[in-house]
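Data first, discussion second: the structure below is written as structure tokens.
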Amino acid sequence: MTAPSAATARWTTRRTEKQRRLAAVSGLAHGNQLPAARLTEALERLISPGDRVVLEGNNQKQADFLSRALAQADPARLHDLHMIIPSVSRAEHLDLFERGIARKLDFAFAGTQSLRISQCLEDGLLEIGAIHTYIELYARLYVDLSPNVVLVAAYSADREGNLYTGPSTEDTPALVEAAAFRDGIVIAQVNEIVDQLPRVDIPGSWVDFVVPADKPFFIEPLFTRDPRLITPIQILMAMMAIRGVYERHQVQSLNHGIGFNTAAIELILPTYGERLGLKGKICRHWALNPHPTLIPAIESGWVDSVHCFGGELGMEAYVAARPDVFFTGRDGSLRSNRLLSQLAGQYAVDLFIGSTLQMDGLGNSSTVTRGRLTGFGGAPNMGHDPHGRRHATPAWLDLIQGDDPLQRGRKLVVQVVETFQAGGKPSVVESLDAVAVGREAGMPLAPVMIYGDDVTHVLTEEGIAYLYRAESVEQRKAMIAAVSGVTPIGLQRDPKALAQFRRDGLVALPEDLGIHPGEADRSLLAAKNMAELVAWSDGLYQPPARYRSW
Amino acid sequence: MDAQRLLARRSFTELHARARAQALLDPGSFRELIDPFERLASPWLPRQGIVTQADDGLVVARGLLDGNPAVVLAIEGAFQGGSMGEVSAAKIAGSLELAAEDNRQGIPTRAAIVFETGGVRLQEANLGLAGIAEIQAAIVDLRRYQPVAGIVAGPVGCYGGMSIAAGLCSYLLVTREARLGLNGPAVIEQEAGIAEFDSRDRATIWGLSGGEQRYRSGLADRYVEDDAAQIRQALLVCMRAGRPGRCRSERHDAFLPPLSQADGARPAEPAEVIAAFGEELRA
């Protein structure tokens, strides 16, 4: 091969730069394998100052061996990195900024690190590009955040660099593709290198290096909820959701947010839902992580399909044994995929339902509280009405208002909120904390999780407000106030208006739905504790030790 | 297990003390003594800024077991961790004493105690401890005439002085979720160090003090599923068997040799404990 002509070189600067970097580690690497003991040194050669670096911190799985090694880099060699981290979850993610290795951060979610991000921002240690939703962040990797280096985690690799990511595939394909097809460098940490993978989730030709990790990648059981902690109020609200929303609109496909409210709905489908004769009529298709609390509904035949964003610790064997329901590979294990599941949750489901910590009088909601920058994750993708949707379902059509022939249907976006949080703090407030947080952090927008104009139903322990039927902003506010109990917003309600709303079907109280609050009893839960979930799963679900009381 | 059976099952651990007592007694025979409307609450808690409960977390239920006179004493684990204060302990001790008196008058009253307790109520200190001593004496008195059965179901478990009371019972019934021990996990960790016992390691906690372990090492007599009907059945079986030849505390000499041979220099392994004690120690 002759040297590239000047004309060609003009169009291959990224490729040339990649070759230069690969050559810089030729003395370190054994083929495609980087030595674990010299990983930091290898990263210092493969990454350059100012690079855009994707670090796989997902909602669940963490490329923590790579992040720990990167955080040990010499700031004289590596600095001003622009980190792109879907979920900032590890202490070392922020050590990168404190040590001066990284400067700019684009992310989607920060759970446990939300407090420290705020502090770093205040101390001028980091600058935030933007806070995204998950698919928004992946999408930008293919537009203006094209990465130089992508660091990901897999269970195992073979000698050719093929990766098995299995139940914890999550974000990996979306992150890897962005570098693999634009001359970026892809490095995967793996728990082990094997001769034969269970299956190939990421082809080896997309991966430049693998490195055996010092210990298995870190992962959290984020979606496990112990049924023992579900309260009668949550059960009442679950009954109202089934009766007043799912049954009423014939909701066939849905996403459940994380939390005890939705866990309660999952657990009363086989009891209360069964009694209403709704099996096969509602809740058949799910975009959902493998929630342990869905096991009784699956076992009693409610669920046709579940596509998963990620895995859940302890659910592997159960999921593998139910391939009719879950998306599994030829090897039998779950294949999750956050990008596709988020798209499913955005475009293909009838309903999103999630609980929130704070909602204002217009139905805007946020989980941001003062001093914490938690980001958005995936809820906004599912918690809005996608105007690009063109297929009709009964629930979607049921929300049409008026008789304009050009009317389109609407995604159901249900906000579940208990009017007061623990400690007597009202959840329905005049102004969201997010407004002050956004201002203090110098953000261009207040960090609102779900915008009020996307919310079609507000469900509190008082009742359901059918907001999609509101004819004006004023009426919308009055409907929210009508179900806001004795919060400051609720106290503004007009009792006469409530009676009229009930007659007009704009607001429903439990009795309007045929629900007696006295029925809302924990005996309705198909499983009342972790042990019963295990029994429902035929012993296949193996809860992590911290959830076991045996 | 099939779905219908799972849906029909009534979890005992899920029930509060009053419902537990109702579930144990013959249907329709439940009658509460010193009920919440008598407002016999702790006089000591309000002085310490703690809200009281009108029954002091203890349900005394008269009724029948297999048609025979019985009293069930159910501790409410949700109130102050089921701790024994002056009032709650006196309700148990007094009931047991009256049951023994019944027997001396020719009425064959038997007793069951639902242990759901961390032991003495620290806010009532010596009064609670004295009460527990009275409970223990009353168990030893009553068990001469009729069985006194203890039930540890969870989730609180049975600790402190009340674990000794459980050990004095004629029969002890446990579920898988039960825990039985003199010191709770946090106390052991505090006293002996995290290397000896990590109080957050749930596998170790249940491995060493859980219901299955206590049953297999002979410290409990019946291992029952968390199902109200099955627990009642197991209780009836014990009552029908009558007073055991020798109660566990009368067979203490059998428990001592394995203890003296244990290697105290390192933390115990669950399997070793089972092997050392063994099932032959059960009633």
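Within every chain, numbering begins at 1; the chains are lettered A, B, ... in the order of the sequence lines, protein sequences first and strands thereafter. For the numbers below, each heavy atom of this structure counts, side chains included, while hydrogens, waters and symmetry mates do not.
Counting heavy-atom pairs under 4.5 Å between each of B/R10, B/R176, B/Q4 and chain A puts B/R176 at the top. Of the listed residues (A/E299, A/E274, A/R546), the greatest number of heavy-atom pairs within a distance under 4.5 Å of chain B belongs to A/R546.
Contact annotation: the side chain of A/P296 never approaches that of B/L6 to less than 4.5 Å [non-hydrogen atoms, C-beta and beyond].
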Exercise for review: Go through the steps for A/S549 and B/R179 under the test side chain to side chain donor-acceptor pair (under 3.5 Å), then give the verdict.
Suggested key: CA-CA 9 Å; A/S549 41; B/R179 285 174 295 176; over 6 Å; no
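For B/L7 against A/P270, the heavy-atom pair with the smallest separation is CD1-O, 3.9 Å.
With a 4.5 Å cut-off on non-hydrogen atoms, A/E532 touches chain B through its backbone and its side chain both.
The environment of CZ in B/R216 is sparse: at most 12 heavy-atom neighbours from other residues, nucleotides or ligands sit within 6.0 Å.
Looking at A/R228 and B/E177, a side-chain N of the basic residue comes within less than 4.0 Å of a carboxylate O on the acidic one, giving a salt bridge.
When the heavy atoms of residues 516-528 of chain A are compared with those of chain B, the residues falling under 4.5 Å are A/R522, A/A526, A/K528, listed by number. Proximity to chain A among residues 193-215 of chain B is limited to B/R202, B/W206, judged by heavy-atom separations below 4.5 angstrom.
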